[in-house]
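Note sheet for the following structure.
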Amino acid sequence: MQLGHDETMKRHLGTMHALSRQYWQYLACGLWQASCEGEEDEQADMDQEGWSLPLEMLSSWYCSFSKCCETGDCRVTNNITGLESDLNRRLHGQHLARKVILRAVRGLLQRPQPEKALALSFHGWSGTGKNFVARMIADHLYRDGLKSECVKVFISLFHFPHPGYLDSYKVQLKKQISETVKLCEQALFIFDEAEKLHTDLLDTIKPYVDHYDSIGQVDCGRSIFLFLSNSGGNTINEVALDFWRAGRAREEITMDYLEQPLRMELKESPGTAFAHSHLLEENLIDFFVPFLPLEFHHVKLCARDAFVAQGLPYTETALDEVARMMVFVPKDKRLFSAQGCKSVSQRINYILP
């Protein structure tokens with residue numbers, strides 16, 4: 001019995017080996033035509049025997065290692081439909097940011113030859129969604145999200161903590177940007193706490209977002225630079241407060257009310273890196289994106305999302321309880337969450353039985 005079983009296994013293994021060899025040979029013919037010389041007849045026989053599906057399957061497998069996908073690079077997914085859906089469904093209270101970001105990113109991806117990299121500067125209080133959206137963009141444009149080799153995240157005080165090493169930081173930053181763009185034609189660079197970056201570091205980035213065909217044989221035209229900053233939050237909040245005082249809905253706030261005041265605050269704030277940087281002076285930031293302060297009902301929506309993400313049931317009472325745990329300002333009116341939606345998911349633990 002054992003002998004018969006062994007012989008059967010040998011036949012199966014021999015068949016699998018032959019199939020693997022044929023699959024690889026057929027894949028090679030499909031991908032590298034030069035390798036097919038003298039083997040056209042065998043390939044034709046395989047076509048007649050219904051071998052087109054394995055070629056598709058193997059080509060798909062090959063694509064996971066090389067650049068033969070629809071975007072030209074399988075690390076890049078550019079799921080703009082998914083990004084739009086997530087912005088509409090999961091980003092609460094930010095009608096301006098949603099609209100500007102979606103149009104800007106879609107516009108870049110639709111241009112066959114962009115004249116410059118896309119530079120977006122996100123502004124607003126902590127917890128209003130700046131990091132959340134940056135992560136969302138990475139998740140929908142790249143297969144591996146923030147872990148993609150095409151995505152680089154820099155946190156000012158973490159990556160560039162010592163002013164005495166500024167010259168070294170500049171060299172490292174230029175090298176990382178250049179190497180990433182060489183590796184990935186469409187790269188994403190995220191600078192968190194951008195207001196704490198030294199002006200010289202911002203100016204180091206400047207050539208990569210300027211109107212150049214290439215910088216040292218590096219073309220950044222398809223890249224995206226995101227600058228995340230808490231600066232400008234007071235200007236944004238004042239506009240939102242003025243609308244509330246006038247009895248107007250926050251959805252009536254347009255970029256006309258915010259973009260110029262934001263630019264002026266950044267230029268006139270001596271404590272921010274933007275104040276004297278060439279990025280601002282030469283208008284190389286394409287859009288200053290305001291993130292509005294979040295109200296009580298927005299915090300409830302964040303709490304709902306947190307319950308769902310953790311697979312927990314919730315009630316309106318539970319959502320109210322989580323929202324009431326946040327600090328709201330001004331103190332006499334309790335309009336805006338001072339922390340946005342930050343720490344909402346952690347506060348759920350306090351009300352669980």
Side-chain angles (χ1 to χ4, degrees), residues 60 63-64 69-112 114 118-124 127-148 150-151 153 184 186-190 192 222-228 249-255 286-295 297-314 316 319 322-323 337 340-342 344-345 348:
S60 176
C63 268
S64 67
C69 299
E70 189 174 329
T71 60
D73 185 340
C74 277
R75 297 165 301 183
V76 178
T77 54
N78 286 348
N79 182 10
I80 199 71
T81 302
L83 177 61
E84 181 175 16
S85 175
D86 253 7
L87 287 171
N88 287 330
R89 186 169 50 90
R90 300 172 61 204
L91 181 64
H92 306 303
Q94 305 298 352
H95 67 285
L96 289 176
R98 185 186 304 126
K99 182 178 179 180
V100 172
I101 292 165
L102 190 61
R103 285 187 176 181
V105 173
R106 178 183 279 139
L108 176 75
L109 299 183
Q110 288 178 343
R111 289 194 203 101
L118 176 64
L120 302 177
S121 192
F122 296 175
H123 297 271
T128 50
K130 301 183 297 294
N131 279 282
F132 184 57
V133 171
R135 191 183 319 119
M136 205 181 284
I137 291 171
D139 286 341
H140 288 290
L141 298 193
Y142 301 92
R143 180 188 61 197
D144 301 321
L146 289 175
K147 295 181 180 179
S148 173
C150 301
V151 178
V153 179
C184 307
Q186 180 184 306
L188 172 64
F189 302 96
I190 302 170
D192 197 6
R222 303 210 68 84
S223 295
I224 301 173
F225 289 76
L226 303 181
F227 301 93
L228 283 49
R250 64 192 277 135
E251 287 73 24
E252 294 180 51
I253 301 174
T254 66
M255 290 296 289
D286 297 299
F287 296 98
F288 291 89
V289 184
F291 281 72
L292 301 173
L294 299 181
E295 300 174 10
H297 67 284
H298 299 129
V299 177
K300 284 181 62 177
L301 291 172
C302 292
R304 180 203 63 188
D305 292 348
F307 273 105
V308 171
Q310 296 181 40
L312 298 171
Y314 63 88
E316 281 296 313
L319 299 184
V322 172
S337 171
C341 280
K342 189 168 283 188
V344 161
S345 57
I348 286 175

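- L91 CG to C302 SG: the interatomic distance, rounded to the nearest 0.5 Å, is 8.5 Å.
- With hydrogens and angles disregarded, a donor-acceptor distance shorter than 3.5 Å links the side chain of R222 to the backbone of P112.
- Considering all non-hydrogen atoms of both residues, S337 and V299 come closest at CB-CG2, 3.8 Å.
- Side-chain contact between L226 and K130 is absent, with no heavy atoms from C-beta onward closer than 4.5 Å.
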Check the pair V105, H140 against side-chain contact (heavy atoms from CB on, under 4.5 Å), reporting the backbone distance first and the verdict last. CA-CA 11 Å; V105 173; H140 288 290; over 6 Å; no
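- Nearest heavy-atom pair across V344 and A306 is CG1-CB, 4.4 Å.
- If you take CG on L96 and CD on E251, they are separated by 9.5 Å, rounding to the nearest 0.5 Å.
- Residue L120 holds its CG atom at 6.5 Å from CD1 of I137, rounded to the nearest 0.5 Å.
- The shortest side-chain heavy-atom distance between D139 and N79 does not fall under the 4.5 Å cut-off.
- The environment of K300 atom NZ is dense: over 12 non-hydrogen atoms of other residues, nucleotides or ligands sit within 6.0 angstrom.
- Going from atom CD1 of I101 over to atom CZ of F291 covers 4.0 Å, rounded to the nearest 0.5 Å.
- Contact between L294 and C341 at its shortest, heavy atoms only, is CD1-SG, 3.6 Å.
- Here the CE-CG distance, from M136 to D86, works out to 5.0 Å after rounding to the nearest 0.5 Å.
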Quick one: do L188 and L141 satisfy side-chain contact (heavy atoms from CB on, under 4.5 Å)? Show the steps, please. CA-CA 9 Å; L188 172 64; L141 298 193; 5.8 Å; no
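- Remark: T254 engages D256, Y257 in a side-chain contact (heavy atoms from CB on, under 4.5 Å) (not counting sequence neighbours).
- Around the CZ atom of R106, the shell of radius 6.0 Å holds more than 12 heavy atoms that belong to other residues, nucleotides or ligands.
- Side chain of N88 to main chain of E84: a donor-acceptor pair is present (N/O by atom type, distance under 3.5 Å, no hydrogens or angles).
- Checking side-chain atoms of Q94 against main-chain N and O of T128 turns up a donor-acceptor pair under 3.5 Å.
- Contact between F307 and P313 at its shortest, heavy atoms only, is CD2-O, 3.5 Å.
- A 4.5 Å side-chain heavy-atom check between Y314 and V308 finds at least one atom pair inside the cut-off.
- Among all heavy-atom pairs drawn from Y142 and C150, the shortest one is CE2-CB, 3.5 Å.
- Expressed to the nearest 0.5 Å, how far CZ of F227 lies from CG of D192 amounts to 12.0 Å.
- With contacts defined as side-chain heavy-atom distances shorter than 4.5 Å, the pair L109/Q186 qualifies.
- Across every non-hydrogen atom of S223 and L108, the tightest pair is O-CD2, 4.0 Å.
- A donor-acceptor pair under 3.5 Å is absent between the side-chain atoms of R304 and the main chain of E316, judged by distance alone.
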For V289 and V133, what are the C-alpha separation, side-chain angles and deciding distance, and is it a side-chain contact (heavy atoms from CB on, under 4.5 Å)? CA-CA 11 Å; V289 184; V133 171; over 6 Å; no
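- Partner of D305 under the side chain to side chain donor-acceptor pair (under 3.5 Å) criterion, chosen from R89, H92, R90: H92.
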Check against side-chain contact (heavy atoms from CB on, under 4.5 Å), C184 and V76: CA-CA 9 Å; C184 307; V76 178; 5.9 Å; no
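- A donor-acceptor pair under 3.5 Å links the side-chain atoms of R250 to the main chain of P293, judged by distance alone.
- For D286 (side chain) and A119 (main-chain N/O), a donor-acceptor pair under 3.5 Å exists by modelled atom type.
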